[in-house]
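Report on one structure; see the data block that follows.
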Amino acid sequence: MKNNTPKKIARQSAIKLGAISLITSIMVLIAIGSLDYWFYAIALGVVIEEISYFVIYRAIEDFINQRIKILYKTISKIKGSADPVINMDEDVIGKVNQDVMDWASEQIEEITILRETDSFRKDFIGNLAHELKTPLFNIQGFVMTLIEGGADDPEIRDKFLKKAEKNIDRMTGLLEDLDSIYKIESGRMSIDLHPTNIIDLCSDIIDSLQKKAEKSNVTLSISDKEPFTVLCDVNKIEQVVSNLLVNSINYGKDGGQSRVKFFDMGDKVLIEVSDDGIGIKKKDLMRIYERFYRVDKSRSRNAGGSGLGLAIVKHIIEAHGQNIHVRSTYGKGTTFSFTLQKISTEVDNLTLS
Ligand SMILES: Nc1ncnc2c1ncn2[C@@H]1O[C@H](COP(=O)(O)OP(=O)(O)OP(=O)(O)O)[C@@H](O)[C@H]1O
Ligand SMILES: [Mg+2]
C-alpha cells in the first residue's frame, strides 16, 4: 500500500487546520454581525495553514531524524553502507518498510548459508573421521595379532602383513584424494596444459589397470580411431580416466565390459567411459559428485572406495573449462562422458610450444 509523503501529510493537516480556523472566524463574524470583514477570516485561515504546515513539517522531520535515521543506521552498520539520505518528497514509511524487509530477507539468506556451511563442515569432518577410523582399526587389529604371537607363524605373519599393507594403501589413497580436493577447492591446483595424444594416454591407463580388471573378470577395451590431440593437464586427465575406469571395474558385473570411446565434436573431443555393470538409480545420480557420497556403501567400501573419486573428477574437468555428464540405467550400466579441447593442426602445436 502506498503511503503519503511527509510533505503531503504536513500540507493536508495544515489545510485542515486552516479550514477549521476559517470556519470558526466566519461563525464569529456572523455572531457579532461583522461579516463585511470576511477577508480577515480568509487571511487568518491562510496564515494558520502556513504556520501549521511549517510546524507539522518540522515535527515530522524531527521524528524521522530521531527514529527512522537510527533504524537506517542500524541496518546500514550491518550492511556497511553510507549515511542514509531521506527525501521528504518520498513515501518514507513505505520505503523504510521495504528496506527493512529487504534487509531481513538478506539476513535470513546469510544465516541459511552460514548454517549450510556449518553443517557441511560438520559432515565433512564426521565422514573423514569415519573413513580414517576403519582402516586404522583394521591395521591396529592385524598388528595386535602379530604381537600376540601371530608373527611366530610365517603363514599368519605374511597374511596379516599383507592385509595391513592393503589398509595402509587405502589410507594413503584417501589422504592423497583429500590433498587433491583441498588443493582444488582452495584454488591451489594449477592446470598445466599441454598438447596430448588422448588415445595413447587412455591406452596406457588401460594397460596399467589390466590386472585389476582380470581379477574382477571385466574386459577393458578402447575404440581405436585416428589420434586426437587435446589440450590438457596430462596427470590430471590421467587421474580422471583412471578414476572412471576403476569405477567401471568396481561397479561392473562379472564377465562385464568397460569401454573407452572417442567422438569428434568439431573443436572438442568427447571421451566416453561406459560399462554394463550395476548402474545407478535416478535418485542417486544427482548426488554422485558429492564428496563421500556412495550409493552402495558396503560394495563401495569393499572396493576400497571412500566416495571422493568423482568429486575430484568433476573438479578437474571443470578446471579445464569443460563438462562431465553421466547417464545410467539401473541394472544395465553407466556411461560417463566429458569433453576436452581439441587441437588439430600443427600450427596449434607450434603456437603452444
Ligand atoms: N560406473 C559406475 N557404476 C555404478 N555406480 C557407480 C559408478 N561410478 C560411481 N558409482 C557410484 O558412485 C559412488 C561415488 O563414486 P566415487 O568414485 O566418487 O567414489 P568411490 O568409488 O566410492 O570411492 P573412491 O573415492 O575410491 O573413488 C560410488 O560409491 C558408486 O556407488
Ligand atoms: Mg571411485
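Read the numbers this way: they start at 1 and go in the same order the structure lists the ligands and their atoms.
For N250, no heavy-atom contact with ligand 1 is shorter than 4.0 Å. When heavy-atom distances to ligand 1 are checked against a 4.0 Å cut-off, I280 comes that close only through its side chain, counted from C-beta outward. Residue-level proximity to ligand 1 for Y293 is carried by the backbone, the only part with a heavy atom below 4.0 angstrom.
In this structure, G277 does not count as a contact residue of ligand 1, since none of its heavy atoms falls inside 4.0 Å of the ligand.
What you find for M189 and A319 is that their closest heavy atoms are CE-CB, 3.5 Å. In terms of heavy-atom proximity, P195 sits nearest to I343 at CB-CD1, 3.4 Å. Heavy-atom minimum distance, L245 versus S258: CD2-CB, 4.4 Å.
Taking distance alone, with nitrogen or oxygen atoms compared against 3.5 Å, R294 stays at or beyond that limit from ligand 1. Considering backbone and side-chain N/O of A311, none are found under 3.5 Å from N/O of ligand 1. Taking distance alone, with nitrogen or oxygen atoms compared against 3.5 Å, F336 stays at or beyond that limit from ligand 1. Backbone and side-chain nitrogen or oxygen atoms of G309 are examined, and one is located within less than 3.5 angstrom of a nitrogen or oxygen of ligand 1. Where the criterion is an N or O separation shorter than 3.5 Å, residue side chain and backbone included, L310 meets it with respect to ligand 1. For ligand 1, the polar-atom distance check against G279 finds no nitrogen or oxygen pair separated by under 3.5 Å.
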Please report, to 0.1 Å, the donor-acceptor pairs under 3.5 Å made by any side chain of residues 329-338, with sequence neighbours excluded.
residue: T334; atom: OG1; partner: S328; partner atom: OG; Å: 2.9

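No side-chain N or O of T5 forms a donor-acceptor pair with one of E90 less than 3.5 Å apart. In this model, no donor atom of one side chain and acceptor atom of the other lie less than 3.5 Å apart for Q239 and N243. Side-chain N/O atoms of E185 and H315 include a donor and acceptor closer than 3.5 Å.
The backbone N or O of I271 lies less than 3.5 Å from no partner atom in the side chain of K261, so there is not a single donor-acceptor pair.
Hydrophobic clustering of Ile, Leu, Val, Met, Phe, Trp and Tyr side chains at less than 4.5 Å, counting indirect connections, unites V269 with I222.
Taking the charged nitrogens against the carboxylate oxygens, K253 and D275 have no contact shorter than 4.0 Å, which rules out a salt bridge.
Take the Mg ion (ligand 2) and draw a sphere of radius 2.8 Å; the protein N/O/S atoms inside it number 1.
Heavy-atom proximity to G307, at under 4.0 Å, picks out these atoms of ligand 1: 18 (O), 19 (O), 20 (P), 22 (O), 23 (O), 24 (P), 25 (O).
If you run side chain to side chain donor-acceptor pair (under 3.5 Å) between T339 and each of H325, K268, Q322, only Q322 comes through.
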